[in-house]
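We use all heavy atoms of the structure for the numbers below, so side chains are in, but hydrogens, waters and symmetry mates are not. Quantities reported herein were computed from a predicted structural model and do not represent experimental measurements.
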Amino acid sequence: MTDRPDEVLEIASRLKGGKGSEYHSHRLDVAKAYTMTRQHRRALEVLGEVAAEAPEWIAEQPYARDTLADTFTRRRTLTDETRQLADLVGLPL
């Protein structure tokens, strides 16, 4: 995934809906792909969707924390929603 974010986003466009940790892991890959292609707003939207669907699960995912950190390093302002997401995944601001 790391070297092919465009492929991840293309696959994601064909997959709609899902449940469980495998689907949530896929969504984290999608968020990372958005970050890698500098679509930070979309990355935050995807992370927020996963957090809304599975808050306990995402809180335990270092990959979510790392992806969010990558997004934050490229954004200047943080909204209340993104601050709450950082708190949920344990990312210090």
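- Dense packing is recorded around CD of Glu45, with more than 12 heavy atoms of other residues, nucleotides or ligands lying under 6.0 Å away.
- Distance check, rounded to the nearest 0.5 Å: CG of Leu44 to CG of Leu68 gives 6.5 Å.
- Note that the CZ atom of Phe72 and the CG atom of Leu91 stand 6.0 Å from one another [nearest 0.5 Å].
- Under a hydrophobic-cluster definition in which Ile, Leu, Val, Met, Phe, Trp and Tyr are linked whenever side-chain heavy atoms come within less than 4.5 Å, directly or via other members, Val50 and Tyr63 are assigned to the same cluster.
- A donor atom on one side chain and an acceptor atom on the other are found under 3.5 Å apart for Thr37 and Gln39.
- For the residue pair Ala33 and Pro5, the shortest heavy atom distance occurs at CB-O, 3.6 Å.
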| side-chain contact (heavy atoms from CB on, under 4.5 Å) between Leu47 and Leu28, worked out | CA-CA 7 Å; Leu47 289 169; Leu28 292 184; 3.6 Å; yes
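- When atom types are taken as modelled, the side chain of Arg42 and the backbone of Tyr34 share no donor-acceptor pair closer than 3.5 angstrom.
- Contact record, Ala43 with Ala31: CB-O, 3.4 Å, taken as the closest heavy-atom pair.
- Under the rule for a side chain to side chain donor-acceptor pair (under 3.5 Å), Ser25 has no partner lying at least two apart in sequence or in another chain.
- Residue Gln61 holds its CD atom at 9.0 Å from CZ of Arg65, rounded to the nearest 0.5 Å.
- Considering CZ of Arg27 and CD1 of Ile58, their distance stands at 10.5 Å, rounded to 0.5 Å.
- In this structure, Asp70 and Thr73 approach most closely via the heavy-atom pair O-OG1, 2.8 Å.
- Not a single ring pair (Phe, Tyr, Trp, His ring centres under 6.0 Å) links His40 to another residue, sequence neighbours left out.
- Under 3.5 Å, the side chains of Thr71 and Thr35 contain a donor-acceptor pair of N or O atoms.
- A salt bridge between Asp66 and Lys32 is absent, with no side-chain N of the basic residue lying under 4.0 Å from a carboxylate O of the acidic one.
- Between the CG atom in Leu88 and the CZ atom in Arg83 there is a gap of 15.5 Å [rounded to 0.5 Å].
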